[in-house]
Amino acid sequence: MKLIKGFRDIFPDSEIDISNSELWNSINILIKQSLDKFNFSEIITPPIEYDSTFKSGIGDDTDIVSKEMYEFILKKDDEFSKNETFCLRPEGTASVVRSYLEHSLGKKKKINKLFYCGPMFRYERSQRGRYRQFHQIGAEILGSKNIYYEIELIGLAIDILRNLQIIDFKLEVNNIGDEDSLKKLGKKVFEFANDNKNKINPEDFKIVEKNPLRFLDKAIHKYEFSDIPSSKEFLNNESNERFDELKELLNKNSIEFKVNEQLIRGIDYYNDTVFEIKSSNLGSQDTILAGGRYDNLVEKFGGPKTDCIGFAAGIERLILLLNNNVKKASKIKIDFYVIYQSDNTKSYAYSVLDKLRKIGFRSEMDHDRKSFIKQLKSASKNNSLYTVVVGEEEKINNFVKIKELSSGDEFTIKFDNLFQEKIIDLVKK
RNA sequence: GUGGGUGUAGCUCAGGGGGAGAGCAUCGGUUUGUGGUUCCGAGGGUCGCGGGUUCAAAUCCCGUCAUCCACCCCA
């Protein structure tokens with residue numbers, strides 16, 4: 001029995017942050033607070049899709065699709081023997097667009113603001129911040145090219161990071177132009193590479209021949225060329241205006257950013273605005289969040305021309321960046337720990353426990369006849385805020401003794417009809 | 001896919017041819033009605049797995065697997 005390589009279990013009290021379920025729980029809550037404020041609604045799609053969704057969506061010559069995708073076919077070939085190839089999704093956007101079209105979400109509403117959250121799969125050698133099963137939270141706005149959606153989305157990304165108390169990050173933006181200018185750029189890169197063929201190793205040149213833009217994205221930084229072709233040269237007026245407007249609005253909204261003209265993104269569907277948020281505290285896998293416009297993807301999937309923008313963030317990478325404040329806050333605290341004296345008083349104690357739970361408090365007691373002191377020790381070990389002492393005296397007179405562990409203050413409360421109000425009152429203080 | 005580091009108790013690690021260890025954690029006692037401290041004690045290990053060398057391997061050699069880090073790629 002063994003866990004699959006590059007995958008991980010997530011469970012309580014794990015010493016490893018990215019395996020700690022309490023941390024996962026609190027990071028999810030914090031991220032959803034931001035998404036709520038920006039009025040995004042959740043879309044949940046299956047982790048398995050037909051491989052064509054990603055082959056045409058992301059591009060089949062990207063590394064993600066050609067090298068890293070988990071593909072499989074059904075073993076049984078009875079009634080389902082259609083030669084269908086499935087895959088574990090390597091990212092979220094293509095699935096969202098598929099679902100958006102399949103359920104005509106664009107017809108029900110002009111603008112759809114959707115978020116997704118879940119596991120993604122890529123077959124890669126794992127290292128810090130990179131795992132074969134990893135989790136992404138992504139936000140997509142489908143249905144408009146208004147520049148304010150750029151601002152809203154980048155604003156959301158930054159709000160999420162702030163809410164997680166991650167402050168050490170850098171936003172990079174670029175505009176790579178529309179399909180036409182990307183084509184021109186590709187042509188220029190090809191010519192450029194051809195002129196410098198003697199300086200480029202054959203393997204990299206193969207990339208140029210296949211997809212020059214990919215070469216610009218992934219290989220060109222290995223060489224010390226002085227005048228690398230830039231997307232800037234080929235932007236049409238609209239893209240240029242859009243980029244200027246974006247920069248102006250970012251400044252107006254006091255969002256710090258850096259223009260990175262080499263920023264292309266390793267996925268085919270992007271156009272115009274692209275952005276990335278990086279952290280310097282992550283080692284070599286330093287991108288924590290990235291996204292951009294994909295105005296042609298819906299059309300490519302057979303739908304009407306629909307302008308879209310979105311981003312995805314890696315949850316594991318975010319967890320690696322959490323500070324001690326957030327980690328501490330995620331630790332579970334019990335409200336009440338009920339302590340009983342003898343088997344005689346146990347059933348009375350249990351009814352108190354049951355009542356506390358019905359009121360809504362996280363409550364616990366020990367059922368294994370530990371000594372009084374052991375129970376008390378358990379209470380403090382379990383981070384209990386209060387203890388409830390229930391013994392013979394309390395049973396006879398129908399009350400309970402409550403002690404606040406941090407201060408040592410004790411209170412006596414009747415276990416009657418007013419118990420609920422009194423105890424809620426007590427906790428409020 | 002390429003290169004390097006590391007695999008010994010739940011965790012962090014020491015040991016380096018001949019008795020399986022420490023600290024923390026867990027459990028029990030100190031203490032059968034008041035905790036966090038102290039002190040005492042207990043449980044827990046195929047020394048990653050397989051093979052080789054040796055009278056003898058956790059230790060040396062080879063292989064393999066896992067994990068971490070870097071390249072690459074990306075969130």
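Chain letters run A, B, ... following the sequence lines, proteins first and then strands; every chain starts at 1.
OP1 or OP2 of B:A70 sits under 4.0 Å from a side-chain N or O of A:Q127. Note on A:K381: a side-chain N or O is less than 4.0 Å away from OP1 or OP2 of B:C27. One finds a side-chain N or O of A:S126 lying less than 4.0 angstrom from the OP1 or OP2 phosphate oxygen of B:C68. One finds no side-chain N or O of A:S284 lying less than 4.0 angstrom from the OP1 or OP2 phosphate oxygen of B:C72. The phosphate of B:C68 has OP1 or OP2 within less than 4.0 Å of a side-chain N or O from A:R8. For B:U67, the OP1/OP2 oxygens have a side-chain nitrogen or oxygen of A:K5 closer than 4.0 Å.
The gap from the C1' atom of B:U38 to that of B:G29 amounts to 13 Å, rounded to the nearest Å. As rounded to the nearest Å, B:G48 and B:A66 have P atoms that lie 16 Å from one another. Taking atom C1' on both B:A9 and B:G44, the two are 6 Å apart, rounded to the nearest angstrom.
Rounded to an integer number of Å, the gap from A:I373 CD1 to B:U30 P is 9 Å.
Figure legend. B:A70 is base-paired to B:U2; pairs are counted as Watson-Crick or G-U wobble with both atom distances under 3.5 Å. Using the Watson-Crick or G-U wobble rule with both distances under 3.5 Å, B:G36 pairs with nothing in any strand shown. In this structure B:G7 sits in a base pair with B:C65, meeting the Watson-Crick or G-U test at under 3.5 Å.
Between A:Y386 and A:F336, the angle of the ring planes stays under 30°, which puts this pair in the parallel group of the 30/60° scheme. The aromatic rings of A:F86 and A:Y50 sit parallel to each other, their planes meeting at less than 30°, with 60° as the upper class boundary.
The two residues A:V338 and A:Q375 have their closest heavy-atom pair at O-OE1, 4.0 Å.
Applying the 3.5 Å distance criterion, the base of B:U26 shares no donor-acceptor pair with the side chain of A:K377.
Of the residues listed (A:V400, A:D335, A:I423), the one engaging A:L356 in a side chain to side chain contact (heavy atoms under 4.5 Å, CB included) is A:I423, and it is the only one.
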